[in-house]
Amino acid sequence: MEKFSEKVLKIVAKIPKGKVLTYKKVAGMAGKPKAYRTIGNILNKNYNSKIPCHRVIRSDGSLGGYNKGKKLKKILLQKEVKFYKSV
DNA sequence: CATTTGACGCCAA
DNA sequence: TTTGGCGCCAAAT
C-alpha cells in the first residue's frame, strides 16, 4: 500500500486539463477529507513534473500557492480554462 | 520518538 | 461582508 502522499499524487495526476480540484476534494478522494493540510504539505515537498499540482486550488477559489510561483499557476490555470472554453 | 511545519478549511466576531 | 482565530492531519526535522 502506498503512502498517503503517493495516493494524493496519483489523484492529482488524474486531473484533466481545464479542470481544477480543491485541496479538500483531493483529500476526500484520497480517503482523508480532513487531511487537506497534508495535501498542500505533500505537494509542496514532493513536486513532480508529472503532477499538475497547479490544478489544485483552495475551496474559496483562491489559487493557494505554487512551488514554482503562484503567479505562474494563475497563468497556467487561465490558459487551461481557455482551452476548455475552446471546446 | 516528539515536536514543528504547512500550497488549508470552517466558524465566530 | 471581511478579518481573525482555531482545528486538522501527514510528513519532515
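Chain naming here is simple, since letters A, B, ... match the order of the sequence lines and numbering starts at 1 in each.
- As a whole-Å value, the separation of A:N67 CG from B:dG6 C1' is 12 Å.
- Applying the salt bridge (charged side-chain N to carboxylate O under 4.0 Å, His left out) rule to pairs touching residues 59-76 of chain A yields A:R58-A:D60, sequence neighbours excluded.
- The base of C:dG7 sits with one of its N or O atoms less than 3.5 Å from a complementary donor or acceptor on the side chain of A:R37.
- Distance check, rounded to the nearest 0.5 Å: NZ of A:K17 to CG of A:L76 gives 10.5 Å.
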Sort me out a list of protein N/O and nucleotides 1-4 of chain C N/O pairs below 3.5 Å, or just none if empty.
none

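- Put simply, CG on A:N44 is 6 Å from P on B:dA7, counting in whole angstrom units.
- Partners of A:K45 by salt bridge (Lys or Arg N to Asp or Glu O under 4.0 Å), not counting sequence neighbours: none found.
- For the atom pair A:K14 NZ and A:L21 CG, the distance stands at 12.0 Å (nearest 0.5 Å).
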key: Dot-bracket notation for DNA chain C, counting Watson-Crick and G-U pairs under 3.5 Å, with | for partners on another strand   = .||||||.|||||
Polar-atom pairs under 3.5 Å, protein N or O versus N or O of nucleotides 10-13 of chain C: list them with distances, or write none.
from, atom 1, to, atom 2, distance (Å)
C:dA10, O4', A:T38, OG1, 2.9

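- Taking only distance into account, the side chain of A:Y66 never meets the base of B:dA7 through a donor-acceptor pair shorter than 3.5 Å.
- Computed from coordinates, the A:L43 CG to B:dA7 P distance equals 12 Å when rounded to whole Å.
- Going from atom CG of A:L63 over to atom CG of A:L72 covers 11.0 Å, rounded to the nearest 0.5 Å.
- Hydrophobic clustering, with ILVMFWY side chains joined whenever heavy atoms are under 4.5 angstrom apart, keeps A:V12 apart from A:V20.
- Here the closest heavy-atom approach between residue A:A27 and residue A:A35 is recorded as CB-C, 4.0 Å.
- The interatomic distance linking A:Y23 (OH) with B:dG9 (C1') rounds to 12 Å, in whole Å.
- For residues 29-39 of chain A, no pair satisfies salt bridge (charged side-chain N to carboxylate O under 4.0 Å, His left out), with sequence neighbours left out.
- Atoms NZ and CD, on A:K3 and A:E6 in that order, are 6.5 Å from each other to the nearest 0.5 Å.
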For a quick test of your reading: what N or O donor-acceptor pairs under 3.5 Å do the side chains of residues 47-56 of chain A make, sequence neighbours left out?
from, atom 1, to, atom 2, distance (Å)
A:Y47, OH, A:Y66, OH, 2.9
A:N48, ND2, A:N46, O, 3.0
A:H54, NE2, A:E80, OE2, 3.2
A:R55, NE, A:E80, OE1, 2.6
A:R55, NE, A:E80, OE2, 3.2
A:R55, NH1, A:I15, O, 2.6
A:R55, NH2, A:E80, OE1, 3.4
A:R55, NH2, A:E80, OE2, 2.9

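- Nearest heavy atoms, A:V8 versus A:A30: CG2-CB, 3.9 Å.
- In this structure, A:V81 and A:Q78 have side chains that are not in contact, with every pair of non-hydrogen atoms separated by 4.5 Å or more.
- Proximity of residues 52-64 of chain A to DNA chain C (heavy atom under 4.0 angstrom from any strand atom) is not detected for any residue.
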query = Passes side chain to side chain contact (heavy atoms under 4.5 Å, CB included), A:I57 versus A:L77? Steps please.
reply = CA-CA 10 Å; A:I57 60 174; A:L77 289 174; 3.8 Å; yes
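- With rounding to the nearest 0.5 Å, the separation of CG in A:L43 from CG in A:N67 is 9.0 Å.
- Rounding to the nearest 0.5 Å places CD1 of A:I39 at 4.0 Å from CZ of A:F4.
- Listed by residue number, the members of residues 7-21 of chain A with any heavy atom below 4.0 angstrom from DNA chain C form an empty set.
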